[in-house]
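So that the names make sense, note that chain A is the first sequence line, chain B the second, and so on, each numbered from 1. A quick note: this is a predicted structure, and the numbers were derived from the prediction, not measured.
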Amino acid sequence: MAVNRKRTVDPAAEMILSCALEEGASTSWDRWEAMQPQCGFGKLGVCCRICNMGPCRIDPFGDGPQEGVCGANADTIAARNLVRMIASGASAHSDHGRDVAHTLLMAARGEAADFSIKDEVKLRALAAEYGVETAGKDTAKIAEEVATIAFSEFGQQHGELRFLKRAPEKRQKIWREQGVAPRGVDREVVQLMHVTHMGVDNDYKSIIKHGIRAALADGWGGSMIATDLSDVLFGSPVPIRSQVNFGVLDEKEVNIVVHGHEPTLSEMIVQASRDPELIELAKSKGANGITLAGICCTANEILMRHGIPIAGNFLSQELAILTGVVEAMIVDVQCVMPGLSELTKCYHTKLITTSPKCRFPGEVEHIEFDERHAMEAAKRIIRTAIENFPNRDKSRIRTVGPGMSTGLVAGFTAENAFHFLGGRYRATYRPLNNAIIEGRIRGLAGVVGCNNPNICQDFAHLEMTKELIKHDVLVVQTGCAAIACAKAGLLAPEGARFAGPGLQEVCEAVGIPPVLHLGSCVDNSRILVALCNVINEGGLGEDLSDIPVAGAAPEWMSEKAISIGFYVVASGIFTVFGTPHPVLGSKNLTDYICGDIENDFGARFAFEEDPIKAAHLMIDHINKKRADLKLRPMLSESVREEVLTAK
Amino acid sequence: MRYLVIGNSAAGINGAEAVRARDPDGAITIVSSEDYPAYSRCLIPYFMEGKVSEDDMLYRPKDYYEANRFEVLLGRTVVSVHPSEHAVTLDTGEKLSYDRLLIATGGSPEIPDTPGMDKDGVFGFRTTVDLQGILRVAKSADGAVVLGGGCVGLMAACGLHSMGLKVTVVIRSPHLLSQVADAEAGEIFRRRFEENGVSVITQNDVTEVLGSGKVEAVRLEDGREIPCGIIVVGKGVNPNIDLVKGTDVRTHWGIIVDEELRTSVSDIYAAGDVAETTDVVTGNQTVNAIWPAAAEQGRIAGANMAGAHERYSGSMRMNSAEFFGLPLISTGLVKPRNPEDYEILKRYVAEKNVFRKVVLRDNVLVGAVLVGEIENAGVYAALMRKKVDVSPVKDRLLESGFGFGAILGLVADQKDKFVEPEYREAVLCASE
Amino acid sequence: MRKVYCDIRKCVSCRTCEIACAVRHSRSGDLYQALREEPRPKRLVRVDASEFGPFPLRCHHCEVAACIDACKTGATRRDPITGKVLIDRDKCVGCWMCVMVCPFGAVFPDMQTGKALKCDLCESHDQPACVASCPTRALFFEEFDEFEAEYKKRRPRSLVRR
């Protein structure tokens, strides 16, 4: 197994990494190399630690034990391990959604004075969807009722999650027939932990079904609630311009980086950073002002809504500290590397934790963020950062220069994205559907997910996305994947020059980039809603699995990615992962999730590490869906055909 | 068959053993000018630091000569060899005859002829006599000066320091270990020595040793005087070739030998610090005075004296040491005089006291230095010795994890170079 | 002479061999107790990465052993009966000459104790710990010719993904 030599295609990261090498700082890349070769039992999913009769390992070569002590074979072991990843990923997203619902509830009740309802229109739409009577009620009352219902979805025991009804009838029918329609968010996760306990579910297909139910409780539950209620609380995004990469950090300013996932914190930080008193304080310390930048999904949230620039994605987090110009890195939850606290011991950057769920050992400052006193906490955090400005070690500043940042357009949602395609007066998917039907746009692709040192940073996202848009596939992105392609300019309108003729035409006519930033990882739910709208608009089938669309997570790292993968596949969308799920130790399980699962849900997984090959798996799939829908051939291709026949 | 081995150290002992292994009945006599059973001179600094006892310094057990039926004559110096008579003359006047002779007389420390260097208290750092002298004088000295910034000098410095003396190292070069490592590595070690209380004075030299009869101080080029009671010189050794002066045994700096360790005179072999062999990396005839080379040469010479025809593939310049807990390994040509003709790659992490440097010529490794992280050093040595084309792994040579796993592909692709039977497994595994 | 060989096609780099080796060479011989020992028990085999797969790197007890020549103290000798190349821990002073010359990098410098460490083929046991513990039976304790013959016959399932 060759050890990765090229660590990143991001030139800013490359620059900072070479300094890290000189200073002897250790990054996740170094730790990945030191970890090679990694244990095959783990990679293949055939190491079971579920009970104390173990730990057990199945010999993948067939010579040693083929069953654990309890009698579980590779299929059962790998399936249990896989769905526990769903449990964790779904929990992360859902807890996030729960927190947003709770914040909305407190805001509605006046208990969190620093928060207010920013999108009344969406609130009322949700109210209608939830069956809340709005006549005679003020916004706060409506919000309280909507939040209460959303909140209740987490503890619901029976029935179905409400947003399932957004899906086409045919899709809902499939879920019910397969027995995977989630009843309540927390219930599905608890049941998943139950069925994977020793001696409960021993049938791999049944285990996967339980996993799918929990994943759907994430995608159509926790995540979707997080997205929609965040829009209500913080405003629905509209297309907005901004910058991405380390060039956004200004040596002359107090630089504050927010990292993590929940917008409740980052929204307050955004507001607090604009406080005139605090700006004065910054100036009194010798800075020109305050620069706020983000990493990972919380970055995407405040980018989408406020145009706050992004410093980097998952693998860039340590590099931010190595620049020497970040006064504070404020973290809440998820994807926050434990290695950060070691690094901050050697640099002036203060690591500040804000959530009781994400703590570090040792002396890391903890300023707990409580919705009731949100702005107070936010200001205190900013003040701490400003006070740190004079502590910069001027001899260890490694900024990459303002040239090392790229412009992008973000802020697309299911509601507004295709608004533009429809013209300014009415949001409609008609033009999008028509573009697909007529063969201007081949289809849609969602390229999402993380970074991972097991593949050169951003390389797979870029190569895959460029290949897709070259073939007239309109790409939507979220999370670290969006940040990756943004760094390379694909999320700016100028990125259309990489697109094929059909897509280019559409982009230029409407003024959109060929790759649309839909937000954070919980905002993958926006993709689901958008696809529902595509079906509702008509002409592209009756179920989500009819649409010429494919998903991909080419550089996946987290358990959240597994949960997303499963809710997307279970919703009928073919999805390609880069490195495989840890299932290859079970041929049956691998064959099922990459094959026969399609008979049950209308979609399957594929594993392909080469991003170009993966892109073509998606393109081939999209072409097949086009053929099944009996759509006209692509305009760009039929022109050629005409030319050839004319000859 | 009568075998005579002149020398009782790495080359002599391994030579005698190799003879005995092939010839169970031959008469083997070992003569040594040192009046001491076979010991490892490299352990002298460890003895000074209290890490080994006097018994520990023995290279072989006490009953060794008896068990192998070696006749051993200690404290007798061979003053001349008479090849046509197949005999040697000792300093006692005795004559010993031989059928086959192995000259393993080693070398003597080079002591500069600075005024005053003949005073009592000046020592090389090679023999038990040096050690005993140092121990005697150290009782009444509180300062010591060490001349020479190579491994031997610095080991002496550490040893003297551990005995409670205030040590100053004086060197001509701009940095320590200039023969075997770069300025960065020299700097790492200078910091380490100074942190431990050993002073290092560079680009200087002793112009005069002061004192009435015994060493009391040294004067440096810049006029400074450093009080001291001991001077230890670690400035290299000269092969002990006087015994063949005037004979047909060809010498240069050392005694010239061919690949079977034979001298120009039949029945006479030479091995160890006295022998000039082909340097694997430079191709030059030179003396690479280092313990592993001496042992290997002795072993092969001994086998050949007893009828074998083993080939010696050549010596390499190399050294390993650890100073105040910081290890160093240097192999091959690491300071080429004309660096522009070589490709040089370096990695230096000052905070971690890590330095690694490799020198290549036409994609073949010719030298490597490792400071701080010394694991897998031998893999570099093997690549040098076998003149392997390392271009496929050039970008990995400086990694701290670089080792055999990284060169498995090279072994498979260039298996004509990896002929030892121990590589068969690797070739098998890498050929799929 | 029987030595430890690895069919790397069957190695999944689980490093069970490393743990088993360290425990075998610990004072207590027990995994849980071994973790508390001072000095820490050390593994004498190390699973390295290679382009062909994981490669458990171990001493080959070479027919012509560079480490024996290199040893300044005579600590490294060949056992006249078994042929194993062994380092006498008490005589070893940690001069690192053997590290300097071992072509496999199979001598590990232990900075904690200042001793050179390498595989001793589990001196007083029938089967080396690594071989006994390998869960995929990738390690073998046999003559090379036996190993080669079996290797060529064996066709382990390829784990390269589809």
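Interface residue C:C102: only backbone heavy atoms are found under 4.5 Å from chain B. Heavy-atom distances place no part of B:I13 under 4.5 Å from chain C, backbone and side chain included. For B:L408, the parts lying near chain C are the backbone and the side chain together; criterion is any non-hydrogen pair under 4.5 Å. Heavy-atom distances place both the backbone and the side chain of C:K72 under 4.5 Å from chain B. Using a 4.5 Å cut-off between heavy atoms, C:I8 contacts chain B through both its backbone and its side chain. For B:A321, the part lying near chain C is the backbone, with the side chain staying farther off; criterion is any non-hydrogen pair under 4.5 Å. Only the side chain of C:F144 comes within less than 4.5 Å of a heavy atom of chain B; its backbone N, CA, C and O stay farther away.
With salt bridges taken as basic N to acidic carboxylate O contacts below 4.0 Å, one links C:D69 and B:R299.
Chain C forms more heavy-atom pairs under 4.5 Å with one residue of B:C42, B:A381, B:A382 than with any other, namely B:C42. The candidate with the highest count of non-hydrogen atom pairs below 4.5 Å against chain B, out of C:K3, C:K152, C:K91, is C:K91. The candidate from C:V107, C:V99, C:D48 with the greatest count of non-hydrogen atom pairs under 4.5 Å with chain B is C:V99. By number of non-hydrogen pairs under 4.5 angstrom with chain C, the leading residue of B:L383, B:L370, B:N319 is B:N319. Looking only at heavy-atom pairs under 4.5 Å with chain C, the residue among B:E322, B:Q297, B:R385, B:R41 that has the most is B:E322. Comparing B:E375, B:R424, B:K386 by heavy-atom pairs within less than 4.5 Å of chain C, the highest count is held by B:R424.
Within the 4.5 Å cutoff, side-chain heavy atoms of C:E63 are placed close to those of B:E422. Counting heavy atoms from C-beta outward, C:M111 and B:P327 have side chains that approach closer than 4.5 Å. In this structure, C:T73 and B:Y46 have side chains that are not in contact, with every pair of non-hydrogen atoms separated by 4.5 Å or more. Between B:M57 and C:V93, every side-chain heavy-atom pair lies at or beyond the 4.5 Å cut-off. Taking the side chain as every heavy atom from C-beta outward, C:M97 and B:I329 never approach each other to under 4.5 Å. The side-chain heavy atoms of C:P103 and B:F404, taken from C-beta on, include no pair separated by under 4.5 Å. The shortest side-chain heavy-atom distance between C:V64 and B:E420 does not fall under the 4.5 Å cut-off. Within the 4.5 Å cutoff, side-chain heavy atoms of C:W96 are placed close to those of B:I374.
The number of heavy-atom neighbours closer than 6.0 Å to NZ of B:K51, taken from other residues, nucleotides and ligands shown, is 12 or below. Counting non-hydrogen atoms of neighbouring residues, nucleotides and ligands closer than 6.0 angstrom, the NZ atom of B:K387 exceeds 12 such neighbours. Annotation: C:D145, atom CG; neighbour count of heavy atoms from other residues, nucleotides and ligands within 6.0 Å is above 12. Within a 6.0 Å sphere centred on CZ of C:R154, other residues, nucleotides and ligands contribute more than 12 heavy atoms.
One N or O on the side chain of B:E425 and one on the backbone of C:C6 form a donor-acceptor pair closer than 3.5 Å. Looking only at distances, a side-chain donor or acceptor of B:S320 sits under 3.5 Å from a matching main-chain atom of C:C95.
Contact between C:G105 and B:V379 at its shortest, heavy atoms only, is N-CG2, 3.7 Å. What you find for C:S50 and B:G405 is that their closest heavy atoms are CB-O, 3.1 Å.
Note that the SG atom of B:C429 and the CZ atom of C:F52 stand 10.0 Å from one another [nearest 0.5 Å].
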- Query: Does the pair C:C71 and B:W291 meet the rule for a side chain to side chain contact (heavy atoms under 4.5 Å, CB included), with working shown?
  - Reply: CA-CA 8 Å; C:C71 183; B:W291 189 276; 5.9 Å; no
- Task: Evaluate side chain to side chain contact (heavy atoms under 4.5 Å, CB included) for B:M316 paired with C:M100, printing each intermediate quantity in order.
- Result: CA-CA 11 Å; B:M316 269 173 74; C:M100 181 168 71; over 6 Å; no
